[in-house]
There are 2 protein chains.
Amino acid sequence: MVKLTAQRQAILDLINASNRHWDAEELSRALGDAGQAVGIATVYRGLAFLEAEGLVASIQLADRKRYERADKAHHDHMVCTACGHIEEFAHATIEALQEAAARERGFTISGHQLVMFGRCADCTKGNNT
Amino acid sequence: MVKLTAQRQAILDLINASNRHWDAEELSRALGDAGQAVGIATVYRGLAFLEAEGLVASIQLADRKRYERADKAHHDHMVCTACGHIEEFAHATIEALQEAAARERGFTISGHQLVMFGRCADCTKGNNT
DNA sequence: AGAGGAATGATAATCATTATCATTATCAAT
DNA sequence: ATTGATAATGATAATGATTATCATTCCTCT
């Protein structure tokens, strides 16, 4: 079984090269621009594979799924509804309380997602739409 | 401007009548079964209106949006990935910590969503798929 | 070199949601 | 009650992200 193919490696490299939160199409386009064209279907499959292997992480937003590096400590996200900026934050206490709440209810949690929506610092000041 | 029409009232009544988390199609089907047929497009528009008015609340899951009563204290959700059961939980401390984290970063939060995924108590015991 | 199995890529299909548009209902003023 | 303006409805088409299909290509092992 092959697995980490050239295309998947290219996707992974691109994600690892920054702190961006990419969607599938952005990745396909960026790879094309870099001379390493990868079909959109392959990008989707590659992302599913990379995520299953724990090599990339993702957040499910309302409209699309976005992927980011996995080699960071666990964190959650604040999404600016004005400019799209995504900011990360980690909070050990919140994590611990979540787990406790799940345990109390007999839930075996396999994951969670906390997303806060609002206006980032810049947009709060600048009065963006 | 009219607003709370018969169809919207019917949607609202149905949602208020239980603790279920409905998606648009379930609502349309249930209304049809109850002799009060409402077109699917009207259900979507009605839900958007009702949510904008604060009359219903929603959670955005990976695949679809689900609506529930708004006349409950704020709470978050645990979703069972085996049976689909949705359980609610409220945690004032988590809420407060979230707000503090946002404030620290200059974020003006307008909302948030915390969803935990895993197996509910029954499915953990019963070994469902 | 050839076979078997997996990955790729172009494209069709799917599915939730939104847009379109003709028709109908509602409200206010006559 | 009739008209007119405005908004809502419902059937259906369109959209957009994601997944499935399938012929072709690529590995890897023999």
Side-chain angles (χ1 to χ4, degrees), chain A residues 1-15 20-53 55-68 79 81 84 86 113 115 117, chain B residues 1-15 20-53 55-68 79 81 84 86 113 115 117:
Chain A
M1 64 200 79
V2 186
K3 279 311 171 76
L4 192 51
T5 63
Q7 287 90 334
R8 292 173 181 179
Q9 184 71 62
I11 294 169
L12 181 56
D13 288 347
L14 196 46
I15 292 173
R20 282 190 58 171
H21 297 76
W22 302 83
D23 69 21
E25 193 175 314
E26 288 169 347
L27 284 163
S28 183
R29 196 145 12 94
L31 289 166
D33 292 349
Q36 165 70 284
V38 178
I40 187 68
T42 302
V43 170
Y44 275 106
R45 277 180 303 225
L47 288 170
F49 165 78
L50 292 169
E51 186 172 24
E53 296 294 315
L55 297 172
V56 301
S58 73
I59 34 170
Q60 173 75 49
L61 300 186
D63 52 340
R64 72 184 87 251
K65 205 168 177 181
R66 290 189 169 275
Y67 293 84
E68 64 178 323
V79 179
T81 51
I86 298 179
Q113 183 174 290
V115 182
F117 304 97
Chain B
M1 66 199 76
V2 186
K3 281 313 174 71
L4 191 52
T5 63
Q7 288 89 334
R8 292 172 180 180
Q9 184 70 64
I11 294 169
L12 181 56
D13 288 345
L14 196 45
I15 291 173
R20 279 189 62 171
H21 298 75
W22 302 82
D23 69 22
E25 193 176 314
E26 288 169 348
L27 284 163
S28 182
R29 196 144 12 95
L31 289 166
D33 292 350
Q36 164 69 284
V38 178
I40 186 67
T42 302
V43 170
Y44 274 105
R45 277 179 302 225
L47 288 170
F49 165 79
L50 292 170
E51 185 172 24
E53 295 294 315
L55 298 172
V56 302
S58 72
I59 33 170
Q60 173 74 50
L61 299 185
D63 52 341
R64 71 184 85 251
K65 206 167 177 183
R66 289 188 169 276
Y67 292 85
E68 63 178 323
V79 180
T81 51
I86 299 178
Q113 183 174 291
V115 182
F117 303 98

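This structure is a prediction, so every number in the text was calculated from the model and none was measured. Every chain is numbered from 1, with letters handed out A, B, ... down the list of sequences.
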Asks: Using whole Å, report how far CD1 of B/I40 lies from P of C/dA16.
Replies: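 To the nearest whole Å, that distance equals 9 Å.
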Asks: May I have the step-by-step check of side chain to side chain contact (heavy atoms under 4.5 Å, CB included) for A/I86 and A/I59, ending in yes or no?
Replies: CA-CA 11 Å; A/I86 298 179; A/I59 34 170; 4.2 Å; yes
Asks: Return the residues of residues 25-33 of chain A meeting this criterion: a heavy atom under 4.0 Å from some atom of DNA chain D. Order them by number, or give none.
Replies: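 The stretch gives none, as no residue of it lies under 4.0 Å from the strand.
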Asks: Which side-chain N or O atoms in residues 29-37 of chain B pair as donor and acceptor under 3.5 Å with protein atoms at least two apart or in another chain?
Replies:
none

Asks: Report yes if at least one side-chain N or O of A/T5 is closer than 4.0 Å to OP1 or OP2 of C/dT8; otherwise report no.
Replies: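 For C/dT8, OP1/OP2 do have a side-chain N/O of A/T5 under 4.0 Å.
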Asks: Under the side-chain contact (heavy atoms from CB on, under 4.5 Å) rule, collect the residues that match up with B/R45, sequence neighbours excluded.
Replies: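 B/R45 satisfies side-chain contact (heavy atoms from CB on, under 4.5 Å) with B/A41, B/T42 only.
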Asks: Taking the side chain of B/V38 as its heavy atoms from C-beta onward, which of D/dG10, D/dT18, D/dA8 lies nearest to it?
Replies: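 From the listed options, D/dG10 comes nearest.
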Asks: May I ask you to verify if any side-chain N or O of A/R8 is less than 4.0 angstrom from the OP1 or OP2 atom of C/dA7?
Replies: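 Indeed, a polar side-chain atom of A/R8 lies that close.
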Asks: Using a heavy-atom distance cut-off of less than 4.0 Å, which residues of residues 41-52 of chain B contact DNA chain D?
Replies: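 B/A41, B/T42, B/R45, in order of number.
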Asks: Can you tell me how far P of D/dG16 sits from NZ of A/K65, to the nearest Å?
Replies: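 From A/K65 NZ to D/dG16 P: 21 Å.
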Asks: Reckon B/Q7 has a side-chain N or O less than 4.0 Å from the OP1 or OP2 of D/dG10?
Replies: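 Answer is yes, contact under 4.0 Å.
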Asks: How close or far is atom P of D/dC26 from atom CG of A/L4, stated in whole angstroms?
Replies: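 Distance, rounded to whole Å: 18 Å.
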Asks: Find the distance A/L61:CG to D/dG16:P and express it as a whole number of Å.
Replies: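 Spelled out: CG on A/L61 to P on D/dG16 is 18 Å.
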Asks: Between B/E26 and B/R20, does any NZ, NE, NH1 or NH2 come within less than 4.0 Å of an OD or OE carboxylate oxygen?
Replies: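 Looking at B/E26 together with B/R20, the answer is yes, because their closest N to O distance falls below 4.0 Å.
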Asks: For A/R8, check salt bridge (charged side-chain N to carboxylate O under 4.0 Å, His left out) against everything at least two apart and list the hits.
Replies: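 Residues passing salt bridge (charged side-chain N to carboxylate O under 4.0 Å, His left out) with A/R8: none at all.
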Asks: Nearest-Å distance, CD (B/Q9) to C1' (D/dA8)?
Replies: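 Distance check: B/Q9 CD to D/dA8 C1' gives 15 Å.
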Asks: Taking any heavy-atom pair under 4.0 Å as a contact, classify A/D23: base, sugar-phosphate, or nothing.
Replies: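 Nothing: the residue A/D23, judged by heavy atoms under 4.0 Å, touches no strand.
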Asks: Please assess A/L27 against A/L47 for the test side chain to side chain contact (heavy atoms under 4.5 Å, CB included), listing each intermediate value before the final yes or no.
Replies: CA-CA 10 Å; A/L27 284 163; A/L47 288 170; 3.8 Å; yes
Asks: Out of D/dA8, C/dA16, C/dT11, which has the shortest distance to the side chain of B/R64?
Replies: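 That would be C/dA16.
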Asks: Just one of B/R66, B/E68, B/K65 clears the side chain to side chain donor-acceptor pair (under 3.5 Å) bar with B/H21, so which one?
Replies: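 Going through the options one by one, the only one that passes is B/E68.
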Asks: Rounded to whole Å, please give me the gap between CH2 in A/W22 and C1' in D/dT18.
Replies: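 So the CH2-C1' distance, A/W22 to D/dT18, works out to 20 Å.
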Asks: Using the test side-chain contact (heavy atoms from CB on, under 4.5 Å), find all partners of A/Q9 that sit at least two apart in sequence or belong to another chain.
Replies: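 By the side-chain contact (heavy atoms from CB on, under 4.5 Å) rule, A/Q9 matches A/L4, A/L12, A/D13.
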